[in-house]
Amino acid sequence: MSNTLPSEDGGKEKYDTSGFRKYNIPLEQVPKFSHDDPRVDEYISEMKPVLITGSNLIESAMKWDLEYISEHMPSSNLTVIISKDHNFKYVNEKKLPQGQMSNLKPIHTRWSSMTAREFLQKIKSWKEGDERLYLQQVLDSSVGPQLVQDFLHFNWEWAKNKQRIHGWGPLTSNLLLISMEGNVTPCHYDEQQNLFVGIRGFKRCILFPPEQFDCLYPPPVSDPHDRQSQVDFENPDLKRFPKFSEARGMEAIVGRGDILYIPLYWWHHIESKQNDDYTVSLNFWYKTKPTADIEYPLKSHQKVAILRNIEKMVAEALQNPDEVAHLMRALVLGRYT
Ligand SMILES: CCC[C@@H](CC(=O)O)C(=O)C(=O)O
Ligand SMILES: [Zn+2]
């Protein structure tokens, strides 16, 4: 089923990263285990990334390529993001200042919609310099009866078992991702647990733990790029972001049938293999259950959640984002440092 053999040496097998962009970041390997290896649940319970091979979680979706989708969803309009270059940095449009849309630097990406057939034609005729496309469609009833049937035949028992034993909250969505070769979703974190599954092609994922928040420099929570690192991995500005030189990551290659567990609040930078065919992936995003009784010491992701809440509260109280830095500095400088 999967083209990556479960590693016999306890997950230390080196991934073949040829065809992926090289960054000057020290990287360890994300351990890789077969789906029935007990170490899988050990890693998930410790909220550490793990690559899971040989599961049949979405066996019924392994045939999801653009031909199949075009055939079974001929007229459905699917969400496609268009970018000026290979970076597809998420923009929360609800956080764009309404009145000042005009003087905002032009947004790097924009949303569009088209049929799967149109998407396939555009990526087949793509040439250097053209805008790039990334199909990102939430699986819902609009994907039509055949894909809904395939969806219903996922191995939900396996998924529900993970959800239950690890105390995850409800499944919020599955995002179908069809990417041109070489597209990059730059480094960001999500506030959900993620089972990220490969269907076609190869994606390389670089991950950093939540405690490296101060090495990855997300913008203010109120910024449209909230949760996204401001550091350009291909050309890092170490004057502005000096601690990025201390970032230490992990790396995994997600191939056909592989599941990468991306723990919530873990930073991840994901790209499709260059000069290869388009990739197809599907993620499962789960909310976490609210923490009933807080256990100390706090986990690093809980500290990031505290940082976010403090930032939101101070910005809300001041009603002026320009005053936040001064107040936070006054709180810390010469008093806690
Ligand atoms: C919309 C982003 C999808 C994905 C990244 C990717 O596969 O390009 C990711 O970041 C996630 O599954 O959390
Ligand atoms: Zn993500």
Side-chain angles (χ1 to χ4, degrees), residues 19-21 30 47 49-52 57-58 61 64 78-83 85-93 107-113 119 123 132-140 159 168 171-210 212-213 216 218 224-229 233 249-274 276-288 301 304:
F20 292 100
R21 300 169 201 278
V30 169
M47 288 184 48
V50 59
L51 190 76
I52 306 161
L57 174 57
I58 60 168
W64 287 6
L78 305 172
T79 303
V80 173
I81 301 179
I82 296 172
S83 174
D85 67 18
H86 55 270
N87 287 307
F88 286 78
K89 194 168 182 176
Y90 171 70
V91 182
N92 180 338
E93 307 210 327
I107 287 183
H108 196 83
T109 55
R110 59 190 169 81
W111 293 64
S112 178
S113 67
F119 178 79
I123 65 173
R132 281 174 165 268
L133 299 98
Y134 199 155
L135 188 154
Q136 300 189 359
Q137 175 64 40
V138 174
L139 285 196
D140 54 25
W168 296 347
L171 173 71
T172 53
S173 60
N174 296 91
L175 194 59
L176 175 62
L177 298 154
I178 306 182
S179 169
M180 283 178 63
E181 59 78 35
N183 283 0
V184 178
T185 298
C187 190
H188 68 281
Y189 67 88
D190 300 303
E191 296 174 273
Q192 301 200 62
Q193 304 283 13
N194 185 349
L195 292 176
F196 184 86
V197 196
I199 293 173
R200 176 192 170 99
F202 294 93
K203 274 183 166 174
R204 195 276 301 284
C205 185
I206 296 177
L207 300 117
F208 303 89
Q212 292 192 27
F213 180 95
L216 292 162
H225 289 311
D226 174 28
R227 295 181 291 108
Q228 327 279 313
S229 172
F233 279 20
M250 300 186 80
E251 177 180 58
I253 303 289
V254 181
R256 182 173 174 75
D258 296 339
I259 304 172
L260 175 63
Y261 166 57
I262 306 176
L264 88 162
Y265 284 95
W266 271 68
W267 298 84
H268 46 286
H269 178 99
I270 299 184
E271 59 189 90
S272 291
K273 189 167 184 174
Q274 289 179 281
D276 204 350
D277 207 340
Y278 65 87
T279 64
V280 182
S281 338
L282 182 70
N283 72 17
F284 291 64
W285 269 319
Y286 291 88
K287 277 195 185 310
T288 50
H301 78 274
V304 173

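All of these numbers come straight from a predicted model, not from anything done at the bench. In listed order, ligands and their atoms are each counted from 1.
A centroid separation of less than 6.0 Å is found between the aromatic rings of His269 and Phe233.
Those atoms of ligand 1 with a heavy atom of Trp285 less than 4.0 angstrom away are 11 (C), 12 (O), 13 (O). Heavy-atom contacts of Leu175 reach the following atoms of ligand 1: 1 (C) (cutoff under 4.0 Å). Under a 4.0 Å criterion applied to the non-hydrogen atoms of Asn194, ligand 1 contributes the atoms 11 (C), 12 (O), 13 (O). Of all atoms in ligand 1, numbered sequentially from 1 with element shown, those under 4.0 Å from a heavy atom of His188 are 10 (O). Proximity to Tyr134 (heavy-atom distance under 4.0 Å) selects the following atoms of ligand 1: 6 (C), 7 (O), 8 (O).
Across Ile253 and Leu51, no two heavy atoms sit closer than the pair O-CD2, 3.6 Å.
With respect to Gln193, the side-chain hydrogen bond (donor to acceptor under 3.5 Å, both in side chains) criterion is satisfied by exactly one of Tyr286, Trp285, Tyr261: Tyr261. Screening Arg132, Glu271, Gln274 against Asn183 for a side-chain hydrogen bond (donor to acceptor under 3.5 Å, both in side chains) leaves a single residue, Arg132. No option in Thr172, Leu57, Ile259 other than Leu57 meets the side chain to side chain contact (heavy atoms under 4.5 Å, CB included) test with Phe284.
Residues Glu181 and Tyr278 have side chains that never bring a donor and an acceptor to within less than 3.5 angstrom of each other.
Nearest protein neighbour of atom 1 (C) of ligand 1, counting heavy atoms only, is Gln136 OE1, 3.3 Å.
Here the side chains of Trp267 and Pro218 are in contact, with some heavy-atom distance below 4.5 Å.
At a 4.0 Å heavy-atom cut-off, ligand 1 does not touch Ile262 at all. Contact annotation: for Tyr90 versus ligand 1, there are no heavy atoms closer than 4.0 Å.
Using a 4.0 Å cutoff on heavy atoms, Lys203 counts as a contact of ligand 1.
When rounded to 10 degrees, the angle formed at the Zn ion (ligand 2) by NE2 (His188) and NE2 (His268) equals 90°.
Nearest to atom 13 (O) of ligand 1 by heavy-atom distance, out of Asp190, Leu177, Asn283, is Asp190.
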Begin with the C-alpha distance, continue with both residues' side-chain angles, and end with the deciding distance and a verdict on side-chain contact (heavy atoms from CB on, under 4.5 Å) for Ser83 and Tyr134. CA-CA 8 Å; Ser83 174; Tyr134 199 155; over 6 Å; no
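Looking only at N/O/S atoms, Asp190 comes nearest to the Zn ion (ligand 2) through OD2.
Remark: ligand 1 and Thr185 share an N or O pair separated by less than 3.5 Å (distance only, no angle test).
Checking side-chain atoms of Arg256 against main-chain N and O of Ile199 turns up a donor-acceptor pair under 3.5 Å.
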